[in-house]
Amino acid sequence: MDWKKLISNKRLGQEDRHPERHDDRSEFKRDSDRLVYSAPFRRLQNKTQVFPLPGSVFVHNRLTHSLEVSSLGKSLGDDVARLLMKRHPELRGTLFEEIGTIVQTAGLAHDMGNPPFGHSGEKAMQAFFLEGDGQPLEEMVSPRFWADITHFEGNANAFRLLTHRFKGRRRGGFVMTYSTLAAMVKYPFTSMAAGEHGKFGFFREEQDDYRRIADDLGILCLDGGEDTLRYARHPLVFLTEAADDICYEIMDIEDAHKLKLLSFDETADLLLGYFDDASRRRIFKRIEDEGVDDENEKIVYMRACAVGLLENECVHAFVDNEDAILAGTFSGPLITHTSEAVRHAYRRSSDVSVDKIYRSKTVTDVELSGYKIMETLMEAFISAAVHPETFHSRQLIRRVSSQYDIHSEDLETRIMAVLDYISGMTDVYALDIYQKINGISLPIV
């Protein structure tokens with residue numbers, strides 16, 4: 001793959017147009033602004049990251065997580081660009097200089113397709129078809145569509161959200177640049193090529209859009225089959241993924257300390273585990289010199305140090321493996337190609353997170369509640385889509401936003417409209433609809 005071809009400001013849906021510009025923003029900065037001012041991005045503030053939405057203690061939601069991933073992605077991209085332009089001076093003055101902005105924007109977009117209640121909501125949507133009342137639908141839809149909905153995935157849904165032409169829109173999706181869209185597709189293959197992990201990058205309806213983008217950018221095609229289409233990753237995906245991995249792991253540890261799931265000593269031990277003894281002493285000395293007494297503020301400083309070190313390690317992992325990345329032979333996230341000490345500390349943080357955070361009562365309770373809410377919504381609205389002629393179905397269908405093609409004559413289109421509607425809900429809105437359709441609450445006029 002060639003950097004000069006991989007970085008393109010061509011826009012999906014405006015390939016033959018060159019709109020007049022009235023300011024000096026780059027096309028990639030325009031991508032970022034379109035996301036920040038959009039309704040789907042704002043809704044992330046009311047979607048669970050890991051912990052329940054905040055009460056007296058504020059923890060991360062999907063919006064704050066995305067902002068942090070975006071910020072770190074900008075640093076990763078800028079640092080990689082700086083180092084690689086020393087190696088490839090011919091890239092100076094080209095669009096390659098803007099890869100930091102591209103990764104920044106991909107960071108903003110990477111979670112926009114996630115349904116309410118995090119991974120629990122995602123699992124509930126999949127399980128409805130695999131284990132619940134949706135099982136008989138397998139005989140009523142195509143094998144590829146069945147693979148899409150039984151693997152329903154936030155990553156693929158984010159690409160759909162940004163590219164699909166929903167009803168009432170004068171154009172398809174957000175009309176983003178090719179490189180920004182490619183930089184957020186973590187799993188560039190179909191649902192039928194997903195394998196055991198179940199992740200994939202685009203639904204059947206958006207497959208041609210991704211193919212057009214990938215072929216234009218010169219992304220390596222590994223399998224050209226209609227149902228098994230598979231590409232190598234766009235190189236910038238590795239930076240978007242690294243920003244997400246770092247923020248997800250480190251910020252969850254900080255949140256766990258705030259919620260008293262981890263003690264100060266446990267948290268400090270995890271965050272300082274990335275450093276050797278001499279570096280730890282320097283960190284403690286800086287904290288002491290600054291006169292920081294509050295334990296939360298101490299953790300904030302240690303967290304910043306850990307993020308900075310991981311960012312630097314991932315930058316060098318990318319630069320050191322540039323040839324393999326461009327050849328499409330590089331495998332695994334960048335974090336697994338860092339120094340042995342860093343990999344060990346990251347694994348240790350992950351193990352503690354699983355044991356003391358993700359399996360904690362606080363997280364389990366919200367997952368159980370979220371799963372039940374999503375299960376109920378799926379049962380009600382998919383049933384309405386399959387049998388739209390009944391009175392109750394007609395009442396439910398009236399709740400579905402007009403941008404979704406719930407009145408289509410095609411069953412698969414109606415089912416997808418329900419998935420679009422439910423996955424776009426916030427946690428609070430999903431709870432509200434759940435209560436209303438179960439007669440638990442009535443609207444107050």
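Note that this is a predicted model, so its numbers are computed, not measured.
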- Query: For residues Ser142 and Glu412, is any side-chain donor paired with an opposing acceptor at under 3.5 Å?
  - Reply: yes
- Side chains of Ser423 and Asn157: donor-acceptor distance under 3.5 Å anywhere? yes
- Spell out, as yes or no, whether a donor-acceptor pair under 3.5 Å connects the side chain of Asn155 to the backbone of Gly201. no
- Task: Apply salt bridge (charged side-chain N to carboxylate O under 4.0 Å, His left out) to the pair Glu375 and Lys372, showing each step before the final yes or no.
- Result: CA-CA 5 Å; Glu375 179 185 57; Lys372 182 61 180 178; 3.5 Å; yes
- Using a strict cut-off of less than 4.0 Å between a Lys/Arg side-chain nitrogen and an Asp/Glu carboxylate oxygen, indicate whether Arg347 and Asp351 qualify as a salt bridge. no
- Item | Distance-only side-chain donor-acceptor flag, Gln207 / Thr190, under 3.5 Å | no
- Query: Got a donor-acceptor contact below 3.5 angstrom from the Ser393 side chain to the His387 backbone?
  - Reply: yes
- Query: Can any side-chain N or O of Thr240 pair as donor or acceptor with the backbone N or O of Met184 at less than 3.5 Å?
  - Reply: no
- Message: Under a 3.5 Å threshold, yes or no: a donor from one side chain and an acceptor from the other, between Thr105 and Asp31?
- Response: no
- Can Glu322 and Arg87 be counted as an ion pair, charged N to O under 4.0 angstrom? yes
- Test side-chain contact (heavy atoms from CB on, under 4.5 Å) on Lys74 and Thr101 and set out the steps. CA-CA 6 Å; Lys74 181 73 162 65; Thr101 303; 3.8 Å; yes
- Message: Using the rule given for salt bridge (charged side-chain N to carboxylate O under 4.0 Å, His left out), can you reason through Arg82 versus Asp78, listing the C-alpha separation, both sets of side-chain angles and the distance that settles it, and then say yes or no?
- Response: CA-CA 6 Å; Arg82 175 177 50 81; Asp78 286 346; over 6 Å; no
- Task: Indicate whether any N or O donor in one side chain lies under 3.5 Å from an N or O acceptor in the other, for Asp148 and Ser191.
- Result: yes
- Message: If you count heavy atoms of other groups shown closer than 6.0 angstrom to CD of Glu409, is the number above 12?
- Response: no
- Task: Look up atom CD1 in Ile213 and atom CG in Leu181, then write down how far apart they are to the nearest 0.5 Å.
- Result: 4.5 Å
- Item | Atom of Leu326, atom of Pro235 and distance for their closest heavy-atom approach | CD2-CG, 3.9 Å
- Do the side chain of Glu311 and the main chain of Val307 share a donor and acceptor less than 3.5 angstrom apart? no
- Message: Regarding Tyr429 and Asn46, do their side chains bring together a donor and an acceptor under 3.5 Å, going by distance alone?
- Response: no
- Is the Phe96 ring parallel, tilted or perpendicular to the Trp3 ring (thresholds 30°, 60°)? perpendicular
- Task: Indicate yes or no: does Lys29 engage Asp33 in a salt bridge with an N to O separation below 4.0 Å.
- Result: yes
- Task: Return yes when atom NE2 of His344 has more than 12 non-hydrogen atoms of other residues, nucleotides or ligands closer than 6.0 Å, and no otherwise.
- Result: no
- With ring centroids as reference points, do His164 and Phe203 lie under 6.0 angstrom apart? no
- Contact check, side chains of Glu313 and Ser339, non-hydrogen atoms, under 4.5 Å: yes
- Message: To check you understand the geometry: which heavy-atom pair defines the closest contact between Thr364 and Tyr358, and what is its length?
- Response: OG1-O, 4.4 Å
- Task: For the pair Glu97 (side chain) and Gly93 (backbone), establish whether a donor and an acceptor sit closer than 3.5 Å, ignoring hydrogens and angles.
- Result: yes
- Item | Carboxylate-amine/guanidinium proximity below 4.0 Å for Asp215 and Arg211 | no
- Item | Closest non-hydrogen atom pair between Ala193 and Phe189, with its separation | O-CD1, 3.8 Å
- Walk me through it: do Leu262 and Val352 pass the test side-chain contact (heavy atoms from CB on, under 4.5 Å)? CA-CA 9 Å; Leu262 294 174; Val352 172; 4.0 Å; yes
- Task: Would you check if the side chain of Ser408 reaches a backbone N or O of Asp410 as a donor-acceptor pair within less than 3.5 Å?
- Result: yes
- Main-chain N/O of Asp405 paired to Arg414 side chain as donor or acceptor, under 3.5 Å: no
- Heavy atoms, side chains only, cut-off 4.5 Å: are Met302 and Thr267 in contact? no
- Task: Verify whether one side chain among Thr163 and Tyr210 offers a donor that lies under 3.5 Å from an acceptor in the other.
- Result: no
- Message: On the six-membered ring of Phe238, is Arg233 placed so that its NZ or CZ lies under 6.0 angstrom from the centre and within 45° of the ring axis?
- Response: yes
- Atom CZ of Arg359: over 12 foreign heavy atoms under 6.0 Å: no
- Search all heavy atoms of Gly273 against all heavy atoms of Ala345 and return the closest pair with its distance. O-CB, 3.4 Å
- Presence of salt bridge, Arg30 and Glu27, under 4.0 angstrom: yes
- Message: Donor-acceptor pair, distance only, cut-off 3.5 Å: does the side chain of His234 make one with the backbone of Leu6?
- Response: yes
- Positive for side-chain contact (heavy atoms from CB on, under 4.5 Å) with Ile7, one of Ile102, Thr94, Asp2: Ile102
- What heavy-atom pair brings Asn61 and Lys47 nearest, and what distance separates the two atoms? CB-O, 3.4 Å
- Task: Verify, without hydrogens or angle tests, whether Glu249 (side chain) and Tyr346 (backbone) share a donor-acceptor contact under 3.5 angstrom.
- Result: no
- Would you say Glu389 has more than 12 foreign heavy atoms packed within less than 6.0 Å of its CD? yes
- Do you see a donor-acceptor pair shorter than 3.5 Å between the side chains of Asp244 and His110? yes
- Below 4.5 Å, heavy atoms only, C-beta onward: do Phe318 and Leu76 meet side chain to side chain? no
- Task: For Ser279 and Asp276, test the side chains for any donor-to-acceptor distance below 3.5 angstrom and give the result as yes or no.
- Result: yes
- Message: Keeping Glu379 on the side-chain end and Asp133 on the backbone end, is there a donor-acceptor pair under 3.5 Å?
- Response: no
- Closest contact, heavy atoms only, Ile397 versus Ala384: CD1-O, 3.7 Å
